[in-house]
Asker: 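Quick one: the structure is below, questions incoming.
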Amino acid sequence: MKKILLTIVSICLLLPIFNSCKTSEQALKVISYNIRVGSAPDGDHHWDKRKIATPAMIEDQKPDIFGLQEALKMQLDYIEETCPDYDHVGVHRDDGIQKGEVMAIFWNTKTQEMIKWGNFWLSETPEVPSKGWDAACFRTATWALLKDKRYGKYYYYVNTHLDHIGQEARAKGLSLIVDRIDDINPEGYPMILTGDFNVDLGDPCLKSLEGRMESVRDIAPKTDSLNTYQGFGTVDGIRVIDYIYESGFKATPSFETITKTYKDVPFISDHYPVAAVLVF
């Protein structure tokens, strides 16, 4: 009897380990990263001086998929040159061809397969390059349907950057994204939304996501609420404006603001990347 009890106790103690192993086998690593537009006159923090930190971060974090905001073509090309396992999609926001920033989706070609993708503008005329409502800039969202090669699982990914000035543009832009998510996902696959929303925690703008998607920062057992925007170390107070939302995943074990430095570069960007692990 004593041996049986000891065996039962041993199994109970090992169950969390077995469950953890099972969870990790179905895990997807996601990052949202405002890279800071490479043409900005940032002095000691100019893209040319800090760019080596980006591939170092990607190699260290090993995301299966990540969304970039504010990226110019030269920055996209640099990432593809230095991170050969990754490919990307996205369009230039100002004309849909070659002008302006790209809300890019990068994926690890060894673990993920791109099925289809598309783009729309956050405006009253989302199918054509356009500025919406009271926005200061053209704003877009890039979406993609992918398949995780390891598990045979399909999921949708949406990456965006809401306006930094227009309050109406942020609210209506995010509402447009939520409506489009329903349209592009008739299969009901798991969904990921990443981006720089340019609003702090608790902003009314986020209410359109309630009941539709959940912030991984809020629900992950392992998480933080560190500043994501730090302005190259100049920000005082709380600025948490970068988000990862999800729906349809079985678990969300962790969320992390990546404050680690790479290649002795003090700040990888004026934002910290944020990362999450999601489980199919």
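Computed from heavy atoms alone, side chains included, the values below leave out hydrogens, waters and symmetry copies.
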Asker: Is it true that, when you exclude Q98 itself, more than 12 heavy atoms of the residues, nucleotides or ligands shown sit nearer than 6.0 Å to its CD?
Answerer: no
Asker: Determine whether V277 and L146 fall in the same hydrophobic cluster, where Ile, Leu, Val, Met, Phe, Trp and Tyr are linked whenever their side-chain heavy atoms lie under 4.5 Å apart.
Answerer: no
Asker: So, do R139 and R93 sit near enough that their side-chain heavy atoms are less than 4.5 Å apart?
Answerer: yes
Asker: Could you tell me whether the side chain of N159 and the main chain of L68 form a donor-acceptor pair under 3.5 Å?
Answerer: yes
Asker: Would you call the rings of F280 and F249 parallel, tilted or perpendicular if under 30° counts as parallel and over 60° as perpendicular?
Answerer: tilted
Asker: May I ask you to decide if L72's main-chain N or O and E101's side chain share a donor-acceptor pair within less than 3.5 Å?
Answerer: no
Asker: In terms of relative ring orientation, are Y154 and Y189 parallel, tilted or perpendicular, with 30° and 60° separating the classes?
Answerer: parallel
Asker: Please answer whether the main-chain N or O of D94 pairs with a side-chain N or O of H92 as donor and acceptor at a distance below 3.5 Å.
Answerer: no
Asker: Report the C-alpha separation of Y262 and E59 in whole Å, then their side-chain angles, then the decisive distance to 0.1 Å, and conclude whether the side-chain hydrogen bond (donor to acceptor under 3.5 Å, both in side chains) test is met.
Answerer: CA-CA 10 Å; Y262 295 94; E59 173 60 27; over 6 Å; no
Asker: Grab the two heavy atoms, one from T140 and one from T160, that are nearest each other, plus how far apart they are.
Answerer: O-OG1, 2.9 Å
Asker: Any donor-acceptor pair under 3.5 Å linking the side chain of S269 with the backbone of N34?
Answerer: yes
Asker: Apply side-chain hydrogen bond (donor to acceptor under 3.5 Å, both in side chains) to E80 and H88, showing your working.
Answerer: CA-CA 8 Å; E80 288 208 339; H88 82 277; 2.7 Å; yes
Asker: Once you measure the plane-to-plane angle for F197 and Y243, does it fall in the parallel (<30°), tilted (30-60°) or perpendicular (>60°) bin?
Answerer: parallel
Asker: Could you check whether atom CG of D236 has more than 12 heavy atoms from other residues, nucleotides or ligands sitting under 6.0 Å from it?
Answerer: no
Asker: Using the ring of Y78 (Phe, Tyr or Trp, six-membered ring only), decide whether K51 places NZ or CZ under 6.0 Å from its centre and within 45 degrees of its axis.
Answerer: yes
Asker: Which heavy-atom pair separates L176 from P126 by the least distance, and what is that distance?
Answerer: CD2-CB, 4.2 Å
Asker: Please say whether more than 12 non-hydrogen atoms of neighbouring residues, nucleotides or ligands are located less than 6.0 Å from CG in D183.
Answerer: yes
Asker: Are the side chain of N227 and the backbone N or O of G237 linked by a donor-acceptor pair below 3.5 Å?
Answerer: yes
Asker: Applying the ring pair (Phe, Tyr, Trp, His ring centres under 6.0 Å) criterion to F106, which one of Y157, F66, Y86 satisfies it?
Answerer: F66
Asker: Grab the two heavy atoms, one from P253 and one from P221, that are nearest each other, plus how far apart they are.
Answerer: O-CD, 3.4 Å
Asker: Is it the case that one hydrophobic cluster holds both I219 and L193, taking links as side-chain heavy atoms less than 4.5 Å apart, direct or via other members?
Answerer: no
Asker: Between Q112 and T109 (side chain of the first, backbone of the second, donor and acceptor by atom type, cut-off under 3.5 Å), is there such a pair?
Answerer: no
Asker: When you look at CG of D44, are more than 12 heavy atoms from neighbouring residues, nucleotides or ligands closer to it than 6.0 Å?
Answerer: no
Asker: Can you tell whether the side chains of D203 and R170 come within less than 4.0 Å, N to carboxylate O?
Answerer: no
Asker: Pairing donors with acceptors under 3.5 angstrom, does anything connect the side chains of K29 and Q61?
Answerer: yes
Asker: Just how far is it from atom NZ of K110 to atom NZ of K62, taken to the nearest 0.5 Å?
Answerer: 10.5 Å
Asker: Does the salt bridge (Lys or Arg N to Asp or Glu O under 4.0 Å) test come out yes or no for E113 and K153, once each step is laid out?
Answerer: CA-CA 10 Å; E113 178 185 353; K153 302 287 188 178; over 6 Å; no
Asker: Which pair of heavy atoms, one from E70 and one from M103, lies closest together, and at what distance?
Answerer: N-CE, 3.9 Å
Asker: Without swapping roles, check the side chain of T223 against the backbone of A220 for a donor-acceptor pair under 3.5 Å.
Answerer: no
Asker: Looking only at non-hydrogen atoms, find the nearest pair between S32 and Q69 and report the distance.
Answerer: OG-NE2, 3.3 Å
Asker: Quick check on side chain to side chain contact (heavy atoms under 4.5 Å, CB included): which of D196, D242, D200 does T228 satisfy it with?
Answerer: D242
Asker: Take T111 and D64, measure what side-chain hydrogen bond (donor to acceptor under 3.5 Å, both in side chains) needs, and give me the verdict at the end.
Answerer: CA-CA 7 Å; T111 66; D64 294 300; 3.1 Å; yes
Asker: Quick one: does K172's side chain have a donor or acceptor within less than 3.5 Å of a partner on Q167's backbone?
Answerer: no
Asker: Within a radius of less than 6.0 Å around NZ of K73, do more than 12 heavy atoms belonging to other residues, nucleotides or ligands occur?
Answerer: no
Asker: Does any donor atom in the side chain of S130 or S123 lie under 3.5 Å from an acceptor atom in the other side chain?
Answerer: yes
Asker: Less than 4.0 Å between a side-chain N and a carboxylate O, is that true for D182 and R212?
Answerer: yes
Asker: Heavy-atom distance under 4.5 Å between the side chains of I184 and Y156, does that happen here?
Answerer: yes
Asker: Quick check: closest heavy atoms across K49 and G43, and the distance to 0.1 Å?
Answerer: CD-O, 3.8 Å
Asker: Applying side-chain hydrogen bond (donor to acceptor under 3.5 Å, both in side chains), run through D270 and Q230 and close with a yes or a no.
Answerer: CA-CA 6 Å; D270 58 343; Q230 30 69 14; over 6 Å; no
